[in-house]
Amino acid sequence: MVRRRTGLVLFLAVVLLVATAAYGVLAVDRPQVESVDNEWGAVTNDRTEVETRIGVDSPLLLRVGDAAADISYTVSMNDIEFATERENRVSLDGDESTVSVSTWLDNDEIPAWWVSHIKRNETTTVRVQPDIVVDVAGIRLPADEWTRTRTVHTDLLDPLETNESQEFQAYGRTVMVVDETNATWGNATANRTPIDASATVTNPTPIPVPITEIRYTVQLNGIVVGAGTAAERTVLEPDSTQSLEATAAIDNSRLDEWWVTHLRNDEASNLTVDFDATLEYGGVERTIPLEFISYERTFETDLLGAADSSANESAGNESTGNESASAMRPVDP
């Protein structure tokens with residue numbers, strides 16, 4: 001009886017020891033996400049491919065036998081999910097594996113992102129978050145959490161912020177002197193993004209200068225994304241200074257078309273905003289460009305961080321990798 005009890009105690013002790021050791025391996029030596037690299041793949045008129053390579057470091061336990069992983073990940077911009085994907089039973093070989101997956105985002109989502117970017121003071125936070133669970137011999141081990149965020153900022157209206165004095169010639173004489181120009185984004189909605197431009201204008205002539213209409217055209221990579229009337233009739237009083245205001249608007253429904261050209265052009269775009277006015281001076285009407293509130297700006301983006309390879313290594317063995325970058329930046333002419 002004593003011998004039987006001793007054997008039972010030894011058996012229980014061995015089971016407890018094995019269980020404790022296994023728990024320690026499972027709790028501590030879990031698979032880890034080493035890197036996540038994203039880049040744009042195929043681009044069509046309707047959708048855009050996101051290609052993702054995930055580097056997984058497998059612990060010793062998972063190098064024995066066949067290990068497979070269930071992988072899901074999301075790519076979001078300003079909390080709007082653009083790409084989501086899930087793949088089950090992906091094979092893992094050796095101590096380090098690179099898993100390649102791809103998914104598609106609907107280009108119709110681009111206007112919603114644009115509106116969020118404008119409303120956040122031209123700021124976008126790109127978040128990449130993979131979720132990996134490794135299955136080996138019936139044991140499921142979740143990888144450590146890993147998230148990379150990338151903050152990008154633009155300043156697309158900057159060229160209109162100036163206090164440089166400009167003379168405006170028409171009818172063979174100076175009819176306006178512009179002392180200051182400004183521009184701000186209006187209230188962006190799902191359908192349109194207004195640009196409110198203004199200028200401090202002096203009429204140096206002894207007679208009034210009526211402006212019967214101001215019109216605008218907004219283009220991105222040569223695609224007209226907005227056109228129409230920016231202001232109705234106004235009169236520049238003689239020998240006086242006043243504010244001249246004009247409002248352009250981007251038609252957000254055209255932004256998915258621009259997005260395709262932007263990616264195909266290595267994430268580079270040219271923004272042009274043109275205003276023209278119909279003036280009446282001495283009984284003669286003439287339509288002339290308002291160069292002082294018209295401008296052109298070229299900018300590049302790197303939304304997925306593909307051009308910054310060090311960013312993919314910045315997370316290392318940490319659970320979270322964060323970076324802040326001017327990934328959408330103007331290009332000097």
Nearest-0.5 Å distance, CZ of residue Arg192 to OG of residue Ser253: 12.0 Å

Separation of Thr151 OG1 from Arg127 CZ (nearest 0.5 Å): 9.0 Å

Asp266, CG: over 12 other non-hydrogen atoms inside 6.0 angstrom: no

Glu161 atom CD: more than 12 heavy-atom contacts under 6.0 Å: yes

pair Phe82-Ile110: side-chain heavy atoms closer than 4.5 Å: yes

Common cluster, Ile288/Val235, ILVMFWY with side-chain heavy-atom separation under 4.5 Å: no

Nearest heavy-atom neighbours spanning Ser198 and Ile293: O-CG2, 4.3 Å

Thr154 side, atom OG1; Phe299 side, atom CZ - distance, nearest 0.5 Å: 7.5 Å

Qualifying residue for side chain to side chain donor-acceptor pair (under 3.5 Å) with Trp114, from Thr124, Thr193, Asp256: Thr193

CD/Glu164: more than 12 non-hydrogen atoms of other groups inside 6.0 Å: no

Interatomic spacing from CG in Asp179 to CG in Asn163 - rounded to 0.5 Å: 9.5 Å

For Thr272 against Glu296, the heavy-atom pair lying closest together: CG2-CG, 3.6 Å

Under 3.5 Å donor-acceptor, Asn221 side chain and Ile223 backbone: no

For Leu236, the option from Val201, Thr241, Val175 that meets side-chain contact (heavy atoms from CB on, under 4.5 Å): Val201

Phe275 CZ to Leu290 CG distance, which is reported to the nearest 0.5 Å: 8.5 Å

Polar side chain donor-acceptor pair, Thr84 to Thr74, under 3.5 angstrom: no

Considering all heavy atoms, the nearest Glu267-Leu303 contact: OE1-N, 3.3 Å

From OG1 (Thr200) to CZ (Phe292), nearest 0.5 Å: 10.5 Å

Side-chain touch Thr103/Tyr73, heavy atoms, less than 4.5 angstrom: yes

Donor on one side chain, acceptor on other, Arg215 and Thr229, under 3.5 Å: yes

